[in-house]
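Below is one structure, written out as structure tokens; the observations come after it.
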Amino acid sequence: MTSEPAPTRQVVRSQARRKGGRSSSPARDDLYEPDAYGRELLASLMRAQGGACVTVLVPALALLALYPLLTAIFPRLATAQLFGLPLTLLILGGGIYPPLVLLGYWYVRRAERLEQQFVELLKEQ
């Protein structure tokens, strides 16, 4: 048996040609370069998304903490009944989820809008 040398790996990269002979816009290339400009672009997007996350989490946590806080202040709420069903079941089962779904919908719309603005910023440059 003869040992053959292992084949070497070659990295193949595709460069799509666009009008003007450039592969993509300079701003998009800057995102992948290890320099301050690309890092700042991505950091600004992440800060905006973090702000959107906080503006959703604060009301959501307040909404989730409201009922336990009210039952601690007014213990009769924990045993109250409405239409023969426990008030706790009605509030936690039906009163909490619709606002949380609306907050989630609002967050997704805001995140998509932020990303669209980021893409438009890249196209301008």
Side-chain angles (χ1 to χ4, degrees):
M1 272 171 105
T2 61
S3 63
E4 296 178 14
T8 59
R9 292 186 174 199
Q10 294 180 352
V11 177
V12 178
R13 295 184 181 165
S14 172
Q15 291 188 1
R17 296 285 179 190
R18 292 186 180 190
K19 292 181 181 178
R22 300 175 81 172
S23 62
S24 64
S25 67
R28 188 172 298 150
D29 289 340
D30 289 339
L31 289 177
Y32 301 106
E33 295 296 324
D35 64 346
Y37 181 67
R39 284 192 306 267
E40 185 60 34
L41 283 175
L42 288 176
S44 68
L45 176 63
M46 289 178 12
R47 276 192 306 270
Q49 288 177 336
C53 181
V54 168
T55 59
V56 168
L57 280 179
V58 169
L61 290 176
L63 180 66
L64 290 173
L66 182 63
Y67 184 71
L69 181 65
L70 286 176
T71 56
I73 296 171
F74 306 107
R76 292 191 66 200
L77 283 176
T79 59
Q81 291 195 359
L82 185 65
F83 304 118
L85 293 172
L87 186 61
T88 303
L89 176 69
L90 294 173
I91 290 175
L92 294 178
I96 297 278
Y97 290 110
L100 288 178
V101 168
L102 290 175
L103 279 171
Y105 176 75
W106 180 74
Y107 174 73
V108 168
R109 297 258 310 148
R110 184 163 177 183
E112 287 174 349
R113 188 171 39 243
L114 287 171
E115 290 176 7
Q116 184 62 34
Q117 289 172 352
F118 184 72
V119 168
E120 289 173 4
L121 174 70
L122 290 179
K123 286 180 182 178
E124 288 177 6
Q125 302 211 1

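Here, residue 1 is the first one in the sequence, and each next residue gets the next number.
How far CG of Leu64 is from CG of Leu92: 9.0 Å, rounded to the nearest 0.5 Å. Between the CG atom of Leu45 and the CD atom of Gln117 there is a distance of 10.0 Å, given to the nearest 0.5 Å.
Here the closest heavy-atom approach between residue Gly94 and residue Pro98 is recorded as O-CD, 3.0 Å. For Val54 against Pro59, the heavy-atom pair with the smallest separation is O-CD, 4.3 Å.
Hydrophobic clustering places Ile96 together with Leu69 (ILVMFWY residues linked when any side-chain heavy atoms are closer than 4.5 Å, directly or through intermediates). No chain of hydrophobic side-chain contacts below 4.5 Å, direct or via other Ile, Leu, Val, Met, Phe, Trp or Tyr residues, connects Phe118 to Leu114. Hydrophobic clustering, with ILVMFWY side chains joined whenever heavy atoms are under 4.5 angstrom apart, keeps Val108 apart from Val58. Following chains of ILVMFWY side-chain contacts shorter than 4.5 Å, one can reach Ile91 starting from Ile73, so the two form part of one hydrophobic cluster.
Taking Leu57 as the reference, Cys53 meet the side-chain contact (heavy atoms from CB on, under 4.5 Å) condition, with sequence neighbours excluded.
Annotation: side chain of Thr55 is in contact with side chain of Arg110 (closest heavy-atom distance under 4.5 Å).
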Please list, one pair per line, the donor and acceptor atoms closer than 3.5 Å that link side chains of residues 74-90 to other protein atoms, with sequence neighbours excluded.
unit_1	atom_1	unit_2	atom_2	d
Thr79	OG1	Arg76	O	3.3
Thr88	OG1	Tyr67	OH	2.7

